[in-house]
2 protein chains.
Amino acid sequence: MPDRSTFLNHIAYDSVIIGFSGDKLKILLMEYHNTGLFALPGGFVGVNEDLNDAARRGLEERTGLTHIYLEQFYTFGNVSRHQPETMYTILKANGVDDREHWLLGRFISVAYYALINYKNVVPQPDALSDSCTWYSIDELPELIFEHSAIVNKAIETLRANLDRKLVGMNLLPEKFTMKDLQQVYEAILGKKLHRTAFQREMLGSGMLIRHDKQYNGKAHKAPFLYSFRERTLNQTG
Amino acid sequence: MPDRSTFLNHIAYDSVIIGFSGDKLKILLMEYHNTGLFALPGGFVGVNEDLNDAARRGLEERTGLTHIYLEQFYTFGNVSRHQPETMYTILKANGVDDREHWLLGRFISVAYYALINYKNVVPQPDALSDSCTWYSIDELPELIFEHSAIVNKAIETLRANLDRKLVGMNLLPEKFTMKDLQQVYEAILGKKLHRTAFQREMLGSGMLIRHDKQYNGKAHKAPFLYSFRERTLNQTG
DNA sequence: TCATTATTGTCTCAATTTGTAACAATAATA
DNA sequence: TATTATTGTTACAAATTGAGACAATAATGA
């Protein structure tokens, strides 16, 4: 249980951890013990810890991965977010019955999104929650606080940032086909793209390296595998 | 002097208030009494106040304007930002000699930028400062905390958002010439644009309304005045 | 009154980029 | 060996962009 004296009061962070599988974006959600309440993974900022470091630490604790694309995108601070009853339910379900607990106060939440290759991840529930699982972006359960709004704004931001190239490379494995890459773009933009124009643009950008072909046992021409020329990570700050 | 009990501890906001005059971007800075210290205008969040409302309230107090384009763009929370000695200097210069004052604690700062027509503004110093003045973006004095980094990131964000059209309309008066508009774009992008291509793009976008000509007494063809088709304001949140 | 000056609005044309389709290449299969 | 389902490349029209030419003015001043 987080201790009041080691964290900055009134400040939290929440992370929208985004993965990609086949054709859909997925998000990591936590479910709290015996409550049926779902939330984004998040945490608090140590009194001697940089804000962005705190978010990164929390992400590592949750996913076990250390070098991850993480970007701060907005800070949520509406009074209506403050739902002490909900938080009290969670605390009580964890054996903490304290009406004066510091977590019942009002918190401002700094929101981040992370992009990861979801096959590499074994989600780790924290002390308060009993599951930490991937959910498809279009089949999310109801979330506590204003976490649904946070997810929506994360997707919106991701869309707007797609052209800055950093996105695809963090959602795919080291090597991938042109079709894989196009599916990532389509999942983010929510629309179909023209195959040959997409291929031309990607090849023309010079950001891809072509490798051997991938023989996948299907009855048609085998696609090339590609990787990104340089991995750019740790965009926080 | 802000009171501890009426504001959320550890949380502040700072605003980069951007105006445009002729050919340069300008920023509002405050100078604290008898200290020679410069800072961005900022403030704190009331215990029952939405974060974005707090920033807007502070902006109104500072400029006297009520309908202003205001956008949250990043939250700064590095430990190195915490400089209690600097804050103590400011407090002491204002007659507050209290080593335990709440403002000496560590603060996370949510940063906003605002776009305004700077001719409409009469800057209002607050209780702690004795001047609140426009400075050219390329002639800023040294700023306290990490306020210089905040300014840089604001300009960077503004540049990235320029294509979303909302920018120019908030930096110019109701009616303006095509040249005025081009100068705003050039000041933000930091580079010259091709006159006729710019004109074609702006006219083609359909976002401008053409009005009468402006006879400015110069020995050449008089330019048309334009206005934006719809004013879009209050983008916070 | 009339040429001069500085700037504006429009037009033209080439260069580049984009949208769309055609087509040949090729792994596996029957 | 023909068939099938893709993939990589090429081709070409359509649209956009870059850069300049040029005519249309407001004021000035001879």
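Sequence lines set the chain letters: A, B, ... in the order given, protein chains first and strands last, and positions in each chain run from 1. Please read these numbers as outputs of a predicted model, since none were measured by experiment.
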Query raised in the report: Is a side-chain donor or acceptor of B/Ser205 paired with a backbone partner of B/Met207 at a separation under 3.5 angstrom?
Result: yes
Query raised in the report: Of A/Lys213 and A/Arg200, whose closest DNA chain C nucleotide lies nearer the 5' terminus?
Result: A/Arg200
Requested in this report: With DNA chain D as reference, determine whether B/Asn216 or A/Lys179 sits nearer its 5' end, using the nearest nucleotide of each.
Outcome: A/Lys179
**Report entry** Residue-phosphate contact under 4.0 Å: A/Arg210 side-chain N/O, D/dT9 OP1/OP2
**Finding:** yes
Query raised in the report: Among pairs that include at least one residue of residues 135-152 of chain B, which meet salt bridge (Lys or Arg N to Asp or Glu O under 4.0 Å), considering only residues two or more places apart or in two chains?
Result: B/Lys24-B/Asp138
**Report entry** Rounded interatomic separation in angstrom, taking NE2 from B/His220 and C1' from D/dA26
**Finding:** 8 Å
Query raised in the report: Partners of B/Glu156 by side-chain hydrogen bond (donor to acceptor under 3.5 Å, both in side chains), sequence neighbours excluded?
Result: none
**Report entry** ring-ring contact (aromatic ring centres under 6.0 Å, His included) partners of A/His147, counting only residues at least two apart
**Finding:** A/Phe145
Requested in this report: Check DNA chain C against residues 188-199 of chain A and give the residues with a non-hydrogen atom under 4.0 Å, in numerical order.
Outcome: A/His194, A/Thr196, A/Ala197
Query raised in the report: Is any side-chain N of the basic residue among A/Arg57 and A/Glu61 closer than 4.0 Å to the acidic one's carboxylate O?
Result: yes
Requested in this report: Could you check whether the rings of A/Phe228 and A/Phe176 sit parallel, tilted or perpendicular, using 30° and 60° as the cut-offs?
Outcome: tilted
Report summary line: Under a 4.0 Å heavy-atom criterion, DNA chain C is touched by chain B from C/dT5 to C/dT12
Query raised in the report: If you measure from the Lys or Arg side-chain nitrogens to the Asp or Glu carboxylate oxygens, is any gap between B/Arg62 and B/Asp14 under 4.0 Å?
Result: no
**Report entry** All side-chain hydrogen bond (donor to acceptor under 3.5 Å, both in side chains) counterparts of A/Glu186, not counting sequence neighbours
**Finding:** A/Gln182
Report summary line: From OH of B/Tyr215 across to P of D/dA27 the rounded distance in Å is 8 Å
Query raised in the report: Atom CG of A/Leu203 to atom P of D/dG8: distance rounded to whole Å?
Result: 8 Å
